[in-house]
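Single-structure report; data block below.
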Amino acid sequence: MTVRGRGPRHGNALSRIGVIRDGAILVRDGVIAAVGSSAKVEKLKESKEAEKFDVGGRVVLPGFVDAHTHLIHAASRAEEYDLKIRGASYEEIARQGGGILNSVKKLRAATAEELKKRARGFLERFAEHGTTTIEAKSGYGLDATSELRILSLHKELDAEQPLEIVSTFLGAHVVPTEYRGKAGGTRQYLELLCKQLIPEVADNGLAEFCDVFCERGAFSISESRSVLESGRARGLAPRVHAEQLSNTGATRMGIELGAASCDHLEYLKPGDIRRLAKSKTVATLLPGCDFHLGLQRYAPARELIDAGAIVALATDFNPGTSPTLSMAMILSLACSRLRMTPAEAIAAATINAAYSLRRERRVGSIEHGKQADLAVFELADYREIPYYFGVNTCWMTMKRGEIVHLRD
Ligand code: NIG
Ligand code: FE
């Protein structure tokens with residue numbers, strides 16, 4: 001499965017994933033030098049001198065691009081999972097100081113070394129599941145020191161281990177405890193974000209994107225807009241957590257600001273679908289959240305695809321709503337719950353996700369000139385990737401031509 005063809009996929013094109021049977025890939029210096037049928041690639045002069053690696057008829061995909069994760073966090077929230085199963089809602093738990101604020105408390109108490117060690121473990125698991133590029137958001141620090149610490153860790157981890165990390169500043173996740181309940185607290189926190197943190201993040205090259213959680217209990221449309229505009233003015237492209245638990249109008253605002261992506265979208269309105277279809281803003285769907293929280297309402301994937309929007313899929317790996325780093329599991333949910341076909345789900349988790357991270361020229365498909373980022377599955381048919389749900393069938397993962405996971 002090459003998912004070849006430049007640019008993001010809209011509508012029917014989402015299911016064209018460029019299958020080559022009995023194919024071969026020539027890799028030079030971590031970059032794809034040729035791809036095609038084995039007969040053709042093996043005939044090339046350079047192939048004759050190349051070291052051969054036989055994947056034994058297994059299914060080869062571009063490495064997954066996970067365009068929405070909250071990689072750095074200090075601990076799970078398994079205790080809240082238990083409460084949720086007994087009937088407490090995600091928002092009730094958050095109102096009682098649990099939820100995101102619970103993770104903030106835990107992160108502030110952790111050392112940078114502890115956070116890094118934990119994240120490294122997760123990155124190894126991502127590689128084992130066939131993911132080669134991940135976006136990572138801050139947002140469990142919510143004070144200057146802790147947010148900058150998270151973003152610096154993104155940078156260090158990107159340099160020190162094979163997977164590529166795309167850093168996003170999510171200082172506007174929620175208003176932290178110390179600003180709550182005091183007059184003008186939210187305004188003061190927004191000032192800290194817009195006047196101090198965003199300039200510092202941008203000046204030090206600590207993030208490429210700026211995100212906000214636009215939702216009741218988090219930030220309003222006008223608050224979100226001010227944060228995203230401040231970020232954009234400093235070169236941080238907007239992304240938005242939009243319409244996850246209610247329809248706030250965040251998608252419309254995101255499109256107006258030229259957001260790279262609007263994510264979640266469970267409560268999207270028909271007008272939002274039309275606007276997304278006309279825009280370059282990616283609709284990133286995160287069905288892991290609905291599954292984990294036991295919610296019945298999933299994003300309108302079919303309507304988005306049929307209208308021509310650019311649909312991507314991501315894990316939203318985080319301790320509160322989606323504790324999974326398995327993209328294959330997300331593909332299973334996309335197929336069974338969002339009614340996407342396996343081919344559509346694969347393109348959504350590779351080339352369209354890469355486009356949302358502005359990396360579609362380098363990753364997201366198996367094409368001449370792109371990075372040799374591959375995921376190989378111990379299967380006979382690509383449709384078996386989502387078909388075997390909750391089973392990791394990834395056999396080998398390659399990042400920039402280096403094997404970073406190989407099942408023995
Ligand atoms: O993408 N919705 C906001 N942020 C995360 C959840 C964060 C948390 O609960 O810790 C999300 O679902
Ligand atoms: Fe998120």
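When a ligand or atom number is given, it counts from 1 through the structure's own listing order.
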**Study point:** Per-atom contacts, ligand 1 versus Tyr140 - under 4.0 Å to a heavy atom
**Key:** 7 (C), 8 (C), 10 (O)

Point to revise | Winner among His68, His173, His264, Arg77 once heavy atoms are compared against atom 3 (C) of ligand 1 | key: His173

Check your understanding: Step by step, would you call Ser261 with Thr284 a side chain to side chain donor-acceptor pair (under 3.5 Å)?
Key -> CA-CA 6 Å; Ser261 179; Thr284 301; 2.7 Å; yes

Point to revise | Side chains of Lys155 and Ser167, donor plus acceptor under 3.5 Å | key: no

Review point. Hey, are Lys195 and Ser230 close enough side-chain-wise for a donor-acceptor pair under 3.5 Å?
Key: no

Review point. With distance as the sole criterion, is a donor-acceptor pair present between the side chains of Glu215 and Ser246 under 3.5 Å?
Key: yes

Review point. Taking atom types as modelled, is there a side-chain donor on Asn392 or Glu128 under 3.5 Å from an acceptor on the other?
Key: no

Practice item. Considering only non-hydrogen protein atoms, determine which one is nearest to atom 5 (C) of ligand 1 and report residue, atom name and distance to 0.1 Å. Key: His70 NE2, 3.7 Å

**Study point:** His68 and His264 side chains, donor-acceptor separation under 3.5 Å
**Key:** no

Point to revise | Protein N, O or S within less than 2.8 Å of the Fe ion (ligand 2), waters excluded | key: His68 NE2, His70 NE2, His241 NE2, Asp316 OD1

Review point. Who's the nearest protein heavy-atom neighbour of atom 2 (N) of ligand 1, and how far?
Key: Gln244 OE1, 2.8 Å

**Study point:** Pairwise distance NE2(His292) to CE(Met329) - rounded to 0.5 angstrom
**Key:** 12.0 Å

Practice item. May I ask you to list the atoms of ligand 1 that are less than 4.0 angstrom from any heavy atom of Asp316? Key: 1 (O), 11 (C), 12 (O)

Check your understanding: Between Ser356 and Arg239, do the side chains contain an N or O donor and an N or O acceptor separated by less than 3.5 Å?
Key -> yes

Study note, to complete from the structure: Near Thr321 (heavy-atom distance under 4.0 Å), the atoms of ligand 1 are 6 (C), 9 (O), 11 (C), 12 (O)

Study note, to complete from the structure: Of all protein heavy atoms, the one nearest atom 6 (C) of ligand 1 is Tyr90 OH, 3.4 Å

Point to revise | Residue from Gln371, Glu135, Glu208 passing side chain to side chain donor-acceptor pair (under 3.5 Å) with Arg359 | key: Glu208

